[in-house]
Chemist: 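Here you go, one structure.
Labels below follow one simple rule: chain letters A, B, ... track the order of the sequence lines, proteins then strands, and each chain is numbered from 1. Please read all numbers here as calculations on a predicted model, not as lab measurements.
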Number of protein chains: 2
Amino acid sequence: MAGIHEVARHAGVSITTVSHVFSGKRPVAPETRVKVLQAAEALEYRPSRTARGLATGRAMTFGLHFPFAGDSFVLNPYFPALLQGLSAAAAESGYGFLLIPSSQDGDAPLDELLRARRLDGVIVADPESSDPVIPTLVGSNVPVVTTGRFVPDPNLPWVDNDHGGAIRDLFAHLDEQGYGRPALLSTRGGYSYIADTEASYTEEAERRGMPVTIRRPPDLSEEQGYRHAIRLLDRREPPDVIIACVDRQAIGVLRAADELGVRVPEDLGVAGEGDTVLAVHSRPPLTSIRVHPGELGAAAVESLLRLLEGERADNRMIPADMVARRSTRRDARTTPGRAARSRRPSADRG
Amino acid sequence: MAGIHEVARHAGVSITTVSHVFSGKRPVAPETRVKVLQAAEALEYRPSRTARGLATGRAMTFGLHFPFAGDSFVLNPYFPALLQGLSAAAAESGYGFLLIPSSQDGDAPLDELLRARRLDGVIVADPESSDPVIPTLVGSNVPVVTTGRFVPDPNLPWVDNDHGGAIRDLFAHLDEQGYGRPALLSTRGGYSYIADTEASYTEEAERRGMPVTIRRPPDLSEEQGYRHAIRLLDRREPPDVIIACVDRQAIGVLRAADELGVRVPEDLGVAGEGDTVLAVHSRPPLTSIRVHPGELGAAAVESLLRLLEGERADNRMIPADMVARRSTRRDARTTPGRAARSRRPSADRG
DNA sequence: TTGTATGCGTTATCAT
DNA sequence: ATGATAACGCATACAA
């Protein structure tokens, strides 16, 4: 592997200049810059992360905390995708990472990592309100960014999926399709995405003068979706749409409708969240909200890097897309009614 | 953070000696050794991994490849646990890691990581026979260890769960409970654990003069378990036990039995694999095979480290335990019939 | 069995 | 806008 010295020699400049071309920490004359870049390209130069770490006193490692405890990770493709996105973004900026075990296994591993300064920062994925890892982290002064907001402390730096916006798009679509009595299936637990979805649902329904019906099963399983759908459809004035917080739940709703002889989408619209394979392959295909875990991961890393530089993090919302499929399409249009909102992330400093 | 110099001064030795106490790369007199250790303890010394990496030319990073592509990761708690185990073991030996995206996303990220020498070694979790990542890896001369064997190349270093042993224990138990017609539900695809389970099942059944019945649904879903169980139980001579390769599949079998009015465990024994929450909470509780993904991860890291030292890896089998629960217990014993085999890993050099 | 001295590839400090 | 040089914390060849 070529080092900074060879690049410097090749470009006819000092190693200092080469260093600054790659770190961007001080201005370099445009011509010098291209000379260096060309030399680096020719020599296939890559800055060494260990050397950089040694010089800067950084471990070049992030901690990642996932909600392993429940079955949420296990049964939602969102998390592997997020993990993948985080890893890719970390790799790109020269970092590696380590997983922080959920604290039910004891805090020992985390404490040790913290004391040994093995972690430059930590990303916590979709923290539950009661997660004890966050206080530990904050107490030790490690930079922390969460994906999804930490409800008990809104001041923690975060990046998030714009569920609220997607729900608004969904309501516009449902309205257009002539639905008027939407019910929401969410769950318990203090996840911000649940709170956002409920808030946005309530606001949209009220704004349109529709009844507000929220059911909160203990978990997001298909089974619970099935059970609650059965009950909802058995009421005197049943909903004409059931929105689930997760595709898996929505699949349960479809099964319930099928068993009761309720036609989808004619008698009942069904929408999920996540836009997983489940949505694509269900019968009928499921209207769902597509989130972008990869982008979210990249945003989280970016935010964390900013924190490491001593700058203030800017919280970002990653747009989510409503994907209308047959399960809410009473008309026979073939063009998917994708949301036309800008995909440009909105900024929200704080 | 205290450095090697301070420890050396504190212990009255040279930094060389301190270094060797921690690396174990050359003998140190016992008394010297304890002096150093005490000093290190007092100063809360931790060797710096970046410094070590810089000096040795290592990236101090492992690559991890998981079968994200299918839904296997998504729907099996085994993988998060394995990931956690791998991370913990890596952390302990001073390493961090990076995820290697499945190659359907293009090989670009992996190639770049390889060229930049960002990875000291790679662990591939349960590779399918057709996984193109392995050839890429082997071609680039990175040390590789797989969890579960890579069927096309048995010479790749591996660590594995001893499914075969657990199946033998299961048969002993089933025999004891008077079952005589066990069927196996596995799946397609070239996973070594499927091959092992099928081989061990066939061997045990034949040895006991029992009929051999294997069904291979396209995937390991509950739905497939349900469907195939319905068909199996509808035959003229239905099995009196159905063994599934995954708890989730077994849950489908239970549902089928319930619908058909087949009593479990009286008319039909049901066994799963994984010993997940599904097994514990199903009705009746499910006999299952408990594997130890944490230990497996630790073994994989250990093996990879050995490879990095230039030694030859020794492939290891991690024992798996058969946990007998109500779903195969015709008697009313309350003591769990846990396998009494030694938990000591067996070695198999090669 | 132990110590001395050099090097690993960067960043940062202080000059120019 | 650019350079010379000293850390950074450890491993190791070589010496004793």
Side-chain angles (χ1 to χ4, degrees), chain A residues 1-37 39-40 43-61 93-96 116-118 120 305 308-310, chain B residues 1-37 39-40 43-61 93-96 116-118 120 305 308-310:
Chain A
M1 283 291 317
I4 202 171
H5 283 98
E6 299 172 62
V7 175
R9 207 163 38 77
H10 213 81
V13 299
S14 74
I15 64 165
T16 306
T17 299
V18 176
S19 175
H20 286 112
V21 163
F22 281 92
S23 74
K25 292 212 171 179
R26 96 180 175 190
V28 172
E31 317 128 30
T32 318
R33 184 185 176 69
V34 299
K35 270 196 306 183
V36 169
L37 254 17
L43 297 169
E44 294 192 330
Y45 167 75
R46 313 266 191 297
S48 152
R49 47 182 297 280
T50 45
R52 174 174 296 183
L54 182 57
T56 58
R58 293 218 265 251
M60 302 308 283
T61 308
S93 41
Y95 280 76
R117 298 195 186 293
R118 286 276 303 274
D120 298 317
L305 288 173
L308 294 188
E309 299 298 330
Chain B
M1 282 289 320
I4 201 171
H5 283 99
E6 299 172 62
V7 175
R9 208 163 37 78
H10 213 80
V13 298
S14 74
I15 65 165
T16 306
T17 300
V18 176
S19 175
H20 287 112
V21 163
F22 281 93
S23 74
K25 292 210 170 181
R26 97 179 174 190
V28 172
E31 317 130 31
T32 317
R33 183 186 178 70
V34 299
K35 271 196 305 186
V36 170
L37 254 18
L43 297 169
E44 294 192 330
Y45 168 76
R46 313 265 191 296
S48 152
R49 46 182 296 281
T50 44
R52 174 175 294 183
L54 182 56
T56 58
R58 293 219 265 249
M60 302 308 282
T61 306
S93 40
Y95 281 76
R117 299 198 185 293
R118 287 277 304 272
D120 298 317
L305 288 173
L308 294 188
E309 298 299 328

Chemist: Which residue, A/His20 or B/Val28, contacts DNA chain C at a nucleotide closer to its 5' end, judged by nearest heavy atom?
Modeler: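 Nearest nucleotide further toward 5': that of B/Val28.
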Chemist: Roughly how many Å is it from CZ in A/Arg9 to P in D/dG3, rounded to a whole number?
Modeler: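 From A/Arg9 CZ to D/dG3 P: 15 Å.
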Chemist: Given atom CD1 of A/Ile15 and atom P of C/dA12, what is their separation to the nearest angstrom?
Modeler: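 That distance rounds to 12 Å.
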Chemist: C/dC14 P sits how many Å from A/Lys25 NZ, rounded?
Modeler: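 These atoms are roughly 16 Å apart.
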Chemist: Quick check against the 3.5 Å criterion: does A/Ser23 have a side-chain atom that pairs as donor or acceptor with the backbone of A/Lys25?
Modeler: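 Here the side-chain-to-backbone pair exists.
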Chemist: What I want to find out is whether A/Glu44 reaches B/Arg117 closely enough, with some N-O distance under 4.0 Å, to be called a salt bridge.
Modeler: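 Judged by the 4.0 Å cut-off on N to carboxylate O distance, A/Glu44 and B/Arg117 do not form a salt bridge.
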Chemist: Hey, does B/Arg58 reach any base, or is it just sugar-phosphate, or nothing, if we go heavy atoms under 4.0 Å?
Modeler: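 The answer is nothing, as B/Arg58 stays clear of every strand by at least 4.0 Å.
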Chemist: Test your reading of the model: is there a side-chain donor-acceptor pair from A/Asp120 to the backbone of A/Arg58, 3.5 Å cut-off?
Modeler: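 No; zero donor-acceptor contacts below 3.5 Å.
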Chemist: Reading DNA chain C from 5' onward, which residue's closest nucleotide shows up sooner: B/Ala55 or B/Pro30?
Modeler: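 Closer to the 5' end of DNA chain C: B/Pro30.
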Chemist: Tell me: NZ of A/Lys35 to C1' of D/dG3, nearest whole Å?
Modeler: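 The answer, rounded to whole Å, is 13 Å.
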Chemist: Are any side-chain N or O atoms of A/Arg49 and backbone N or O atoms of A/Met60, one a donor and one an acceptor, separated by less than 3.5 Å?
Modeler: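 Present.
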Chemist: Between B/Pro47 and B/Arg52, what is the shortest heavy-atom contact and its length?
Modeler: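 What the structure gives for the nearest pair is CB-NH2, 3.7 Å.
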Chemist: For a quick check of understanding: with a heavy-atom distance under 4.0 Å over all strands, which category does B/Arg46 fall into, base, sugar-phosphate or nothing?
Modeler: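 Sugar-phosphate, no base atom in range.
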Chemist: Over all heavy atoms of both residues, which pair between A/Tyr45 and A/Ala2 is shortest? Give the atoms and the distance, please.
Modeler: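 Nearest heavy atoms, A/Tyr45 then A/Ala2: CD1-O, 3.4 Å.
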Chemist: What's the shortest heavy-atom distance between B/Ile15 and B/His5, and which atoms?
Modeler: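 Closest approach of B/Ile15 to B/His5: CG2-CD2, 3.4 Å.
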Chemist: Which listed nucleotide (D/dG9, D/dG3, D/dA11) is nearest to the side chain of B/Thr56?
Modeler: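 The answer is D/dA11, which lies nearest to the side chain.
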Chemist: Just checking B/Thr16: base, sugar-phosphate only, or nothing, at a heavy-atom cut-off of under 4.0 Å?
Modeler: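 The answer is base, as B/Thr16 lies within the cut-off (heavy atoms under 4.0 Å) of a base atom.
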Chemist: Please classify the nucleic acid contact of B/Ser19 as base, sugar-phosphate, or nothing, using heavy-atom distances under 4.0 Å.
Modeler: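 Base: the residue B/Ser19, judged by heavy atoms under 4.0 Å, touches a nucleobase.
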Chemist: A/Ser14 side chain: which of D/dA4, C/dT10, D/dA11 is closest?
Modeler: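 Shortest atom-to-atom distance from the side chain points to D/dA4.
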Chemist: So what does A/Gly3 hit on the nucleic acid, given a heavy-atom distance under 4.0 Å: a base, only sugar-phosphate, or nothing?
Modeler: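 It contacts sugar-phosphate atoms only.
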Chemist: Which part of the nucleic acid, if any, lies within reach of A/His5 when heavy atoms closer than 4.0 Å are counted: base, sugar-phosphate only, or nothing?
Modeler: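 It contacts base atoms.
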Chemist: Just verifying a value: how many Å separate A/Arg46 CZ and A/Ile4 CD1, rounded to the nearest 0.5 Å?
Modeler: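 One finds 14.5 Å between CZ of A/Arg46 and CD1 of A/Ile4.
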Chemist: Name the nucleic acid region contacted by B/Phe22, choosing base, sugar-phosphate or nothing; use a 4.0 angstrom heavy-atom cut-off, strictly under.
Modeler: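 Counting heavy atoms under 4.0 Å across all strands, no contact is made by B/Phe22.
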Chemist: Rounded off to whole Å, could you give me the CG-to-P distance for the B/Leu54 and D/dG9 pair?
Modeler: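 After rounding, the reported distance stands at 12 Å.
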Chemist: What nucleotide, of D/dA1, C/dT10, D/dC10, holds the atom closest to the side chain of A/Pro27?
Modeler: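 Looking only at side-chain atoms, A/Pro27 lies closest to D/dA1.
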Chemist: Name the nucleic acid region contacted by A/Arg49, choosing base, sugar-phosphate or nothing; use a 4.0 angstrom heavy-atom cut-off, strictly under.
Modeler: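 A/Arg49: no heavy atom of the nucleic acid under 4.0 Å.
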Chemist: Separation of B/Ile4 atom CD1 from D/dC10 atom P, in whole Å?
Modeler: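 Roughly 5 Å, once rounded to whole Å.
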Chemist: Given D/dA11, C/dC14, C/dT11, which nucleotide is nearest the side-chain atoms of A/Arg26?
Modeler: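 The answer is C/dC14.
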Chemist: Contact class for B/Thr50 vs. all strands (heavy atom < 4.0 Å): base, sugar-phosphate, or nothing?
Modeler: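 It contacts nothing in the nucleic acid.
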Chemist: Do the side-chain N or O atoms of A/Thr32 get closer than 4.0 angstrom to the phosphate oxygens (OP1, OP2) of D/dT2?
Modeler: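 Answer yes for this pair, as a side-chain N or O of A/Thr32 is under 4.0 Å from OP1 or OP2.
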Chemist: Hey, what bend do you get for the helix from C/dT1-D/dA16 to C/dT16-D/dA1 if you fit axes on five pairs at each end, rounded to 10°?
Modeler: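 Comparing the first five pairs with the last five, the axes sit 30° apart.
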Chemist: How far apart are the C-alpha atoms of B/Thr16 and B/Ser19, what are their side-chain angles, what is the distance that settles it, and do they pass the side chain to side chain contact (heavy atoms under 4.5 Å, CB included) test?
Modeler: CA-CA 5 Å; B/Thr16 306; B/Ser19 175; 5.6 Å; no
Chemist: Base, sugar-phosphate, or nothing: which does B/Val18 touch, judged by heavy atoms less than 4.0 Å apart?
Modeler: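 Answer is nothing: B/Val18 stays at 4.0 Å or more from every strand.
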Chemist: Rounding to a whole Å, what distance do you find between B/Met60:CE and C/dC8:P?
Modeler: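 Checked: the CE to P distance equals 19 Å.
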